[in-house]
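First comes the structure, then the notes that go with it.
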Amino acid sequence: MSKFEFPPSIKSRPVYGTLEARPGKGHLMIADAEGAEAILGIATPDLMAKTHIIYIPRGAGFTDQLRALNPAQFYEGPTYAASVQRIRRVLQDAHMGLQVYLTGTEGLMGQAQNEAMQAGIPHTAIQTEHRGSVARRMQCVHCKGITEDVETDPFQCSHCGLNLFVRDHYSRRLAAYQGVCIDAEDPGNVPAPKGIYE
Amino acid sequence: MTIQFNDETFRDDYSFHNSDWAIKRFPFPFHEDSYMYAVNMEQHRGGPAGSVYEKRFDVDEHYVAEMRDRAMVLADDPLRCQSLPHMTLAGWDLLELIMVSKSEDYPDLFELYRDGDQWRWVNKPLGIDDRFTFLDDTTLPYGPMEYITRQTQGDFCVLDQREGNLWMDAGMVTTQADWSLDFDIGMNFFEWHAPVPLAHEKGIFVRALKFLLNIQQGAPARRLNWTMTVNPLLDTSPENYHKWGIQKTTLTPENLGAKQHLRVELQTFFRLPRSNGLVFPIRCYLCSFQDLMTMPKWGRRLHRVVRDLPEELATYKGFIDNRPMMLDYLSQFDDGQPTSAGVWPDFEAEPPLAK
Ligand code: HEM
């Protein structure tokens, strides 16, 4: 599957790279959905013998292919929220030099990156590669609620119900973009939703 | 002179008003007839007597009412004041800076008595007389930053300096021009400035950061920024934008002079001694168009600036839709005569409006 090229944006917006296998005694790969393809792209038997994969399929059918790589450890989680305790536990045990690979949706990479940073992993040891959906994790600036997997602009806040437009301003701490009321100056005038990059 | 504090509001009935004194000392931000972003920084070493630049932390007739408004904002939304765990020492630095400055600059209003780490702080306008142990958080009713900024006009960003950058790791932000501390906390200088148009491309933020990183203790700096606000609303937060945004549509040619306010931020920069952090007070001054028009020079100039401002800036500052109506109003005060250089009103020297 071809990778989506994000258009140039403002300086708070994260940029993602392309995963590459790095030397190291331990490797942690966290992926969701099509992120599996990025792992499949760099996997070698040598690397997999030292790799722990945490995978959240979200309906994509890559689980068997990932298992077939014979990673040292493999975990499939139903959702990110269900997996985060485990991710924290694994990061707690991280030895010096652990290499972290994050791939899939922006929401997954942003949240997992926060966990890794909080666990003291230097950002130079964390790689990211975007794959799959370009949906965004959005924070409503009004009620502070997070809406996952937002594909359209505008969208409706899943917490307070306001119609929000999708900004490019991004908070790494929240792992979210900012959503702001679109019809504040003209209540009820909400344009038809379009894809975020349309 | 003793300040007469106004009994006024910045919400609901908007009884905020400027006295003749406050109008005369309003920090009009345009030193020429046009405006573009620039690295407009200078030393903050006082200024003409009576001006807003004279004291380290200016106190004016709006002090008590502004502090009342801040308390209301915080009661509704405590997230407007946040401090990451490593910023407590910088909070004490800030408390000391403000208490020392205010008690020296306004001895009739504020008193500070220090006996080792046993401090007594008297704030007469707000009726506060507290004793506490310096650097002991348990002896104050709030964290040190929150305690002192509940008593000081203006917003405060407290920046940690590391990795050759500044990090917005603490702040008290209730009078902001539409940005969110809760969203921006933890960001670096380039990240929190990301939404600003044109300035990144002009290299302004790279040069500005270099300047800020080198600010030394005892040598503060300052600059002005400005925007437009309909009604004298201090809390133009994104958090509450769905409530106040509609007010922008209430302008009419008849009420514009009274309702439309020029909003000016006097921004200062102080190095903090123990934490080596930087504090960035952002003091907001509001003035209605009709009050500004009492100075013929400001009338002529404001018309020209608003008329010629690049569209990106008028959009970013949120007044692009109202600009035509603002210009209809302001053009009445521009007779085409030249204006003198500099920000001062030059009331005695400038010719009266010939229109
Ligand atoms: C360290 C201290 C500073 C802090 C905490 C700070 C913070 C901010 C914030 C939060 C915004 C709003 C951005 C948004 O739209 O979300 C802003 C805007 C801006 N800042 Fe800063 N800033 C600082 C220093 C400076 C300096 C030194 C300059 C010098 C050039 C500068 C130039 C600007 C400009 C031009 C804007 C756009 C303002 C407008 O058009 O209304 N800032 N700043």
>> Just to verify, what does B:W244 make a ring pair (Phe, Tyr, Trp, His ring centres under 6.0 Å) with, not counting sequence neighbours?
In response: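 Once residues adjacent in sequence are excluded, the partners of B:W244 under the ring pair (Phe, Tyr, Trp, His ring centres under 6.0 Å) criterion are B:Y241.
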Does [X] have more than 12 heavy atoms from other residues, nucleotides or ligands lying within 6.0 Å of its [atom1]?
X      : atom1 : value
B:R307 : CZ    : yes
A:K50  : NZ    : yes
B:E311 : CD    : no

> Hey, are the side chains of B:P195 and A:R167 touching, using non-hydrogen atoms and a 4.5 Å cut-off?
Replying inline: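 They are in side-chain contact.
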>> Could you tell me if the side chain of B:D182 sits less than 4.5 Å from the side chain of A:K144, heavy atoms only?
In response: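 A:K144 vs B:D182: side chains touch.
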> Rounded to the nearest 0.5 Å, how far does CD of B:E191 lie from OG of A:S171?
Replying inline: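 With rounding to 0.5 Å, OG (A:S171) is 8.5 Å from CD (B:E191).
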If I measure from the heavy atoms of chain B, does [X] come under 4.5 Å with its side chain, its backbone, both, or neither?
X      : answer
A:R13  : neither
A:V141 : both
A:Q139 : side chain

>> Could you walk me through whether A:H142 and B:N240 satisfy the side-chain contact (heavy atoms from CB on, under 4.5 Å) test, starting with their C-alpha distance in whole Å, then the side-chain angles of each, then the deciding distance to 0.1 Å, before giving a yes or no?
In response: CA-CA 6 Å; A:H142 310 293; B:N240 285 332; over 6 Å; no
>> I'd like to know if the side chain of B:H242 and the backbone of A:C181 have a donor-acceptor N/O pair within less than 3.5 Å.
In response: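 Absent.
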> Where on B:L79 is there a heavy atom nearer than 4.5 Å to chain A: the side chain, the backbone, both, or neither?
Replying inline: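 Just the side chain, heavy atoms under 4.5 Å.
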>> Please classify the contact of B:H200 with chain A as side chain, backbone, both or neither, using a heavy-atom distance under 4.5 Å.
In response: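 The answer is the side chain of B:H200.
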> Do you know which of A:H169, A:K11, A:R173 makes side chain to side chain contact (heavy atoms under 4.5 Å, CB included) with B:M187?
Replying inline: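 The residue from A:H169, A:K11, A:R173 that satisfies side chain to side chain contact (heavy atoms under 4.5 Å, CB included) with B:M187 turns out to be A:H169.
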>> So which atom in B:I246 and which in A:P187 form the shortest heavy-atom distance, rounded to 0.1 Å?
In response: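 The answer is CD1-CD, 3.5 Å.
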